[in-house]
*Asks:* 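One structure follows; several queries about it will come next.
These figures come from a predicted structure and were not determined experimentally.
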Amino acid sequence: MQDVTVVDHPLVQHKLTLMREKNTSTASFRQLLREIALLLTYEVTRDLQLTNTRIETPLAPMDSPILEGKKPVFASILRAGNGLLEGMLDLVPSARVAHVGIYRDPETLEPIEYYFKAPDDLADRLVIVVDPMLATANSASAAIEKLKERGARDIRFVCLLAAPEGIERFQRAQPGIPIYTGAIDEYLNDHGYIVPGLGDAGDRLYGTK
Ligand code: PRP
Ligand code: URA
């Protein structure tokens, strides 16, 4: 599938299995998502540009690589995006953060936006949008539209699980934006849930059901 990277690292697959299991506790679910976020971030940042800087080690001067350009922005789709965000910030602590508050209406599955806060200079930064679930893709697409309105141009999307229907709809709505996911599941059910999936990511992350 073009523009879709499945991060099939054994540790991602192992941890994802533990997350899917319905009896996994809230604390474990949260910890596992944070750990998987490190591995997804490793993959989504793999091609970041480097530049050399002059430093001195205790033994000798050298030209050594550092990341080029402005720090990336991690744009978390609330609530569940924050579960991934925590792990991503563990790996890239200097990243900037955008918060996009969106939930989907349980009947219509349409995205309802309730909050937006992002750095002013999105146009100059790589923007990595994060949400564990890509189901209908309505939430991801609405978040990306909003970020584009505010100037974002260089955008990637990271999730833990995607439905094939969601990938197709995402690519029609947001052509050219690469997707990084831990797995592609079988299908979306009539209520817009990913099957076999892991249930409601926000509820499992925060223990609200
Ligand atoms: C979940 C999930 C995504 C969205 C995915 O959020 O975290 O944001 O559903 O579904 P979609 O691709 O069909 O839009 P939810 O609406 O449950 O909100 P919450 O994170 O605040 O619980
Ligand atoms: N949102 C979730 O949290 N889980 C799904 O399976 C679909 C949307």
*Asks:* When you look at Phe157 and Phe170, which way does the ring-ring contact (aromatic ring centres under 6.0 Å, His included) test go after all the steps?
*Replies:* CA-CA 10 Å; Phe157 180 74; Phe170 181 95; 5.4 Å; yes
*Asks:* Any heavy-atom pair between the side chains of Asp3 and Ile179 that's under 4.5 Å?
*Replies:* no
*Asks:* Does a side-chain N-to-carboxylate-O contact under 4.0 Å join Arg125 and Asp121?
*Replies:*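 Between Asp121 and Arg125 there is a salt bridge, with a charged N closer than 4.0 Å to a carboxylate O.
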*Asks:* If you link ILVMFWY side chains whenever their heavy atoms are less than 4.5 Å apart, which other residues fall into the same cluster as Met62? By chain and number, please.
*Replies:* Ile55
*Asks:* Applying side chain to side chain donor-acceptor pair (under 3.5 Å), run through Gln2 and Gln171 and close with a yes or a no.
*Replies:* CA-CA 9 Å; Gln2 218 191 342; Gln171 291 188 323; over 6 Å; no
*Asks:* Between Pro119 and Arg96, is any pair of side-chain heavy atoms under 4.5 Å apart?
*Replies:* yes
*Asks:* Around atom NZ of Lys70, are there more than 12 heavy atoms from other residues, nucleotides or ligands closer than 6.0 Å?
*Replies:* yes
*Asks:* I want to check something: taking the side chain as every heavy atom from C-beta on, are Leu160 and Thr181 in contact at a cut-off of under 4.5 Å?
*Replies:*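 Counting from C-beta outward, Leu160 and Thr181 never come under 4.5 Å.
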*Asks:* How about Glu21: does its CD atom have over 12 heavy atoms from other parts shown lying under 6.0 Å from it?
*Replies:* yes
*Asks:* Among Thr45, Leu39, Thr41, Leu40, find the residue that satisfies the side chain to side chain contact (heavy atoms under 4.5 Å, CB included) test when tested with Leu91.
*Replies:* Thr41
*Asks:* Mind listing the side-chain donor-acceptor pairs of residues 78-85 below 3.5 Å, one per line with the distance, residues two or more places apart or on another chain?
*Replies:*
unit_1	atom_1	unit_2	atom_2	d
Arg79	NH1	Thr208	OG1	3.2
Arg79	NH2	Asp203	OD1	3.2
Asn82	OD1	Ser76	OG	2.6

*Asks:* Are Val158 and Phe29 connected in the hydrophobic side-chain network, where two residues link if heavy atoms are under 4.5 Å apart?
*Replies:* yes
*Asks:* Can you confirm whether Pro196 sits close enough to Arg20 that some side-chain heavy atom of one is under 4.5 Å from a side-chain heavy atom of the other?
*Replies:* yes
